[in-house]
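Encoded as structure tokens, the structure appears first; notes follow it.
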Amino acid sequence: MAQDYYAMLGVRRDASQDEIKRAYRRLARELHPDVNPDPETQEKFKEINQAYEILQDPDKRQMYDLGGDPFAGAGASGFGGFTTAGFPFSEFVDAVFGTAGQTASRGPRSRARRGRNATIRIELDLSECAFGATRELTVDTAVVCPTCSGEGTAPGTHPETCQVCAGRGEITQMRRSFLGQMMVPQPCPNCGGFGTVLPRPCPECDGDGRVRTRRTMKVRIPAGVEDGTHIQLAGEGETGPGGGPPGDLFLEVVQRPHPIFERQGDDLHCTLTIPMVAAALGATVSVESLDGPNDVDIRPGTQSGQVIPLYGLGVKHLSGNGRGDLVIHVTVETPSRLDAEQEKLLRELAKLRGEEQPPGKFQPGQQGFFSRLRDAFNGR
Ligand SMILES: [Zn+2]
Ligand SMILES: [Zn+2]
């Protein structure tokens, strides 16, 4: 069934070409997707384009009047091939009028805008990262102007409706194109699109609604942060212009290197060097951790490269409970510069253990697992 194109454009069946053109332009402005983006209106916009394509062409109009629908069967396949389905009309207007970036202006825009985010680097020791810390920060930022409370006007005055655009924030300009004349919206040059003007800007902030200042704040850094962690402090950034809401402040953690511990995730690694005899006989040694000294048992026969984990003495997990571990990598120190008596004792020991050295007895062999692990840890 053919559609009633005359009814779509709201014209009589005997309307002149001029009347049809005027009716189409009026509707196109009203139903322009930039003005009315809802799907129902866009559907209507397509329909009036279709109706116009038929009725503005005397041949097609005659065919339609005789009961034929040039679109029937072919589907709504286009208005000159460029404005219907899939091609946003606003792009078409931009292409014709070169108004890209301006057609989005609809109504006055608010003077209040959200403030910018800010980022501050904050250096922390390993133990501050592990257990959390409280810091006093001094930041240079923008705050609401105390004189005008963000309104931007001098005391006793208020923003006034713009006389040029009557508060709409935009003006429409008539442009000519091969489609005829079109009304194209432009931001109002008098008020900058705000719809209001400031008769007397605030002398302190020059109408911006905010002033720069230095402020100090106490921040709590949670346990478990590491190098590169960003902590978001919502609403602690710069106040926005025109009394707009503030942005966020981000703290970027820089973790200072520790002289003893190397951090891998939430685990800490350190190296413990013990004398050969202690490794052979076993010993108890005091090992430093972030929580203070710990007595660690070295079992008799400990080899170089062995690891001793101290569970739960690492860094606190940032999310969830618990902590990482402290992993001790043991290095056995072979004595050097033996005096005569020490050498004699060691030779006796070797004899007792059947380890006197006939030439070529010790063959180079594969490295032990632990020493390879230690070498990997030491980056060798
Ligand atoms: Zn002010
Ligand atoms: Zn204006």
Side-chain angles (χ1 to χ4, degrees), residues 25-38 41 89-91 93-94 96-120 137-177 181-217 233-249:
R25 283 202 201 119
R26 184 177 47 78
L27 286 169
R29 274 202 300 279
E30 221 171 83
L31 304 173
H32 193 298
D34 272 356
V35 181
N36 262 309
D38 74 280
T41 312
F89 190 71
S90 56
E91 280 180 29
V93 171
D94 290 345
V96 173
F97 299 109
T99 54
Q102 297 175 13
T103 49
S105 63
R106 254 195 309 277
R109 60 194 179 101
S110 172
R111 283 181 190 277
R113 273 174 293 136
R114 187 175 181 275
R116 282 186 306 183
N117 294 340
T119 302
I120 299 181
L137 294 180
T138 304
V139 290
D140 287 311
T141 188
V143 297
V144 174
C145 172
T147 303
C148 65
S149 307
E151 203 176 35
T153 47
T157 70
H158 293 284
E160 287 172 6
T161 304
C162 173
Q163 299 298 311
V164 173
C165 64
R168 286 193 305 274
E170 64 179 28
I171 53 170
T172 41
Q173 277 188 350
M174 185 78 84
R175 297 279 194 92
R176 288 178 181 281
S177 79
Q181 292 173 334
M182 294 201 75
M183 301 297 283
V184 181
Q186 304 272 326
C188 172
N190 186 48
C191 62
F194 295 123
T196 55
V197 290
L198 308 180
R200 283 178 56 211
C202 167
E204 184 163 357
C205 64
D206 206 21
D208 191 37
R210 53 191 186 154
V211 289
R212 296 210 70 84
T213 188
R214 175 168 286 197
R215 89 186 161 102
T216 55
M217 64 176 98
L233 303 173
E236 299 286 356
E238 288 190 354
T239 286
D248 298 336
L249 178 64

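Every number for a ligand or one of its atoms is a count from 1 in the order of the listing.
Looking at Glu151 and Thr153, their side chains do bring a donor and an acceptor atom within 3.5 Å of each other.
With hydrogens and angles disregarded, no donor-acceptor distance shorter than 3.5 Å links the side chain of Asp248 to the backbone of Gly237. Using modelled atom types, one side-chain atom of Arg210 and one backbone atom of Thr239 make a donor-acceptor pair closer than 3.5 Å.
Counting non-hydrogen atoms of neighbouring residues, nucleotides and ligands closer than 6.0 angstrom, the CZ atom of Arg114 exceeds 12 such neighbours. For CG of Asp140, the number of neighbouring non-hydrogen atoms (other residues, nucleotides, ligands) closer than 6.0 Å is greater than 12.
Counting only protein N, O or S atoms, 4 lie closer than 2.8 Å to the Zn ion (ligand 2). Counting only protein N, O or S atoms, 4 lie closer than 2.8 Å to the Zn ion (ligand 1).
Among the candidates Leu137, Thr138, Val139, the single residue satisfying the side chain to side chain contact (heavy atoms under 4.5 Å, CB included) test with Thr216 is Thr138.
Ion pairing between Glu236 and Arg215 holds under the 4.0 Å rule for side-chain N and carboxylate O. The pair Glu238-Arg212 counts as a salt bridge, with a side-chain nitrogen and a carboxylate oxygen less than 4.0 angstrom apart.
A 4.5 Å side-chain heavy-atom check between Val164 and Cys188 finds at least one atom pair inside the cut-off.
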